[in-house]
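Only one structure is covered here, and it is reproduced in the block below.
Everything numeric in this text was worked out from a predicted model, so none of it was measured. Heavy-atom basis, side chains included; hydrogens, waters and symmetry copies ignored. Every chain is numbered from 1, with letters handed out A, B, ... down the list of sequences.
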Protein chains: 2
Amino acid sequence: MKEILMKYMTRHTSLSQAEQQSILEELIVQRFKKGTYLIKQGDSPTKKCFFVLKGCVRQYHIEDDGKEVTTNFYTEEQPILLFNFEEPEAQTSEHSLICVEECLLVVADLESEQEMYQQYSELETMTRRMMETYLSHAQNDFAKFVRASPEERYKTIIRNRPDLPTRIPQHQLASYLGITPESLSRIKKRIQ
Amino acid sequence: MKEILMKYMTRHTSLSQAEQQSILEELIVQRFKKGTYLIKQGDSPTKKCFFVLKGCVRQYHIEDDGKEVTTNFYTEEQPILLFNFEEPEAQTSEHSLICVEECLLVVADLESEQEMYQQYSELETMTRRMMETYLSHAQNDFAKFVRASPEERYKTIIRNRPDLPTRIPQHQLASYLGITPESLSRIKKRIQ
DNA sequence: ATGGTGCATTGACTTAAGTTAAGATGAGAG
DNA sequence: CTCTCATCTTAACTTAAGTCAATGCACCAT
């Protein structure tokens, strides 16, 4: 299963096969059952980060008024970071992470991550570039999302992540798109 | 003027004062007049990135239908990255960057950046963390924005960046918020 | 001073999303 | 097999943003 990560590293770094191999050997891959919480809102913030090899993790948040809002879906080849950084002063996590399906994740804690960077400085370069790329994409997505109507948002998501609608319940997708389930239902009907 | 950057580095790194000093000496700080383009949509993508010491840079985009949309405002202590990463295959820049005010910017190209990382590996660690932090914030902002009404978006922006409305014309702010100038005008009236 | 241009505001109308509530469907538990 | 719960759909109504158009205002150049 680690070949997914190897493929990813090859695409994003100039590390040699040998280096990649030794890095892979230090990684911890863990299997999680559907419904498992990686972290719950209110827990002390996790020191871990993840990389999705297989499966789907939903990030959500319970608001003050009790409403649940889905803020992200992480699927294959996506990193799950944050939480360590989002609110350094906060003593509890703002979000929950739950496995929507059976998941295979790379699990890393901050200390071992730091050690690996010291061992392989190229790895930190890769991570930096990866972060820059993700940030750039996030800013682009944001800009597009801002001026898109709910209908356009839906069209965009089925174009960019066509697997999502089949993997998750529609009301969660609606929440992720920032609209009501009723609206999503109408949009689907409108565009057939 | 570089003390702004020094302050920034102290906040975000564990580099010594001496190290910081020698890094600062290698940096290029440049002054730009109001109305100067850092890059124009259609130009070949820049190899440069910037850090705002003073002033305000607007990022915008002309859409296929000819409409101009403002996608970002960069002000004091914000980095302007992207462009190198956003569309590696694209041969022309998707955006324009224009100085809204007289600006003082740190200008770095990718080559000298790479050299400095080799010289000061801690600097790359700082950049990686900075990117992680920005990404984390971007994801959070995104999640909040998604489910906010235009009115809530306006309230949020005047809370988080109270200087913006006074620095830029309102129709550009409206564009940035993803709404029409008419709507923004009505919102302002509604909330007094 | 004056005309022009760009920007902000206001109004009338259209459109689509939110809200509330009621059914329809489907899967899982007992 | 049936009951239950969750999900999705549909409908009626409300609300606010988009659109189009007119007006007002301020700044600039001539």
Side-chain angles (χ1 to χ4, degrees), chain A residues 33-35 56 58 60 62-71 73 96 98-102 143-158 162-192, chain B residues 33-35 56 58 60 62-71 73 96 98-102 143-158 162-192:
Chain A
K33 277 195 282 194
K34 176 175 174 174
C56 179
R58 180 169 74 101
Y60 69 90
I62 309 286
E63 300 196 322
D64 301 334
D65 59 6
K67 280 187 187 155
E68 176 188 303
V69 296
T70 295
T71 52
F73 290 104
S96 296
I98 186 171
C99 296
V100 171
E101 311 166 350
E102 165 114 352
K144 288 204 186 92
F145 198 95
V146 162
R147 60 203 62 268
S149 65
E151 181 171 329
E152 291 166 333
R153 290 179 204 170
Y154 177 68
K155 285 178 182 168
T156 302
I157 201 122
I158 55 177
D163 53 313
L164 269 193
T166 64
R167 295 173 88 162
I168 56 167
Q170 242 155 58
H171 70 278
Q172 288 178 4
L173 184 65
S175 172
Y176 179 50
L177 292 173
I179 60 179
T180 61
E182 294 90 337
S183 274
L184 182 52
S185 182
R186 281 190 290 244
I187 287 169
K188 278 175 52 190
K189 190 181 176 186
R190 205 154 63 219
I191 66 178
Q192 272 96 0
Chain B
K33 277 195 286 196
K34 175 175 173 173
C56 179
R58 179 170 73 101
Y60 69 91
I62 310 286
E63 299 197 322
D64 301 335
D65 59 6
K67 278 185 188 156
E68 177 187 303
V69 296
T70 295
T71 52
F73 289 103
S96 296
I98 185 170
C99 297
V100 172
E101 310 167 350
E102 165 113 351
K144 287 204 187 95
F145 199 94
V146 163
R147 62 201 63 266
S149 66
E151 182 171 328
E152 289 166 333
R153 291 179 202 169
Y154 177 68
K155 285 178 181 167
T156 301
I157 202 119
I158 55 176
D163 53 313
L164 270 193
T166 65
R167 295 172 88 162
I168 57 166
Q170 241 154 57
H171 70 279
Q172 287 178 5
L173 184 65
S175 172
Y176 179 50
L177 292 173
I179 60 178
T180 61
E182 294 92 331
S183 274
L184 181 53
S185 181
R186 281 190 288 245
I187 287 168
K188 278 174 51 189
K189 191 180 176 186
R190 206 155 62 219
I191 66 178
Q192 272 95 359

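Between Leu184(B) atom CG and dC7(C) atom P the separation is 14 Å, expressed in whole Å. In this structure, CD1 of Ile187(B) is placed 14 Å from C1' of dT9(C), rounded to the nearest angstrom. Protein atom CD of Glu182(B) is 10 Å distant from nucleotide atom C1' of dA21(D), rounded to whole Å. Here the P atom of nucleotide dG18(C) and the CD atom of Glu152(B) are 12 Å apart, to the nearest Å.
Residues Leu184(B) and Gln170(B) have side chains in contact (heavy-atom distance under 4.5 Å, counting atoms from C-beta outward). Side-chain contact between Ile98(B) and Tyr60(B) is present, with heavy atoms from C-beta onward closer than 4.5 Å.
Each of Ser149(A) and Ser185(B) was assigned the nucleotide of DNA chain C with the nearest heavy atom; the assignment lying further toward the 5' end belongs to Ser185(B). Take the nearest nucleotide of DNA chain D for Lys188(A) and for Arg186(B): the residue whose nucleotide is more 5' is Lys188(A).
For the segment residues 165-180 of chain A, the set of residues with a heavy atom within less than 4.0 Å of an atom of DNA chain D comprises Pro169(A), Gln170(A), His171(A), in numerical order.
In this structure, Arg147(B) reaches neither bases nor backbone, as no heavy-atom distance under 4.0 Å exists between it and the strands shown.
Comparing dT10(D), dA17(C), dG18(D) by their nearest atom to the side chain of Glu151(A) picks out dA17(C).
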**Report entry** Stepwise side-chain contact (heavy atoms from CB on, under 4.5 Å) check, Glu152(B) with Lys144(B)
**Finding:** CA-CA 10 Å; Glu152(B) 289 166 333; Lys144(B) 287 204 187 95; over 6 Å; no
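Distance check: Tyr154(B) OH to Ile191(B) CD1 gives 5.5 Å after rounding to the nearest 0.5 Å.
The shortest distance between the side-chain N/O atoms of Arg190(B) and the OP1/OP2 oxygens of dT10(C) is not below 4.0 Å.
In this structure, the side chain of Ser175(A) engages the main chain of Thr70(A) through a donor-acceptor pair within 3.5 Å. The main-chain N or O of Val100(B) is never found under 3.5 Å from a side-chain atom of Arg58(B) such that the two would form a donor-acceptor pair.
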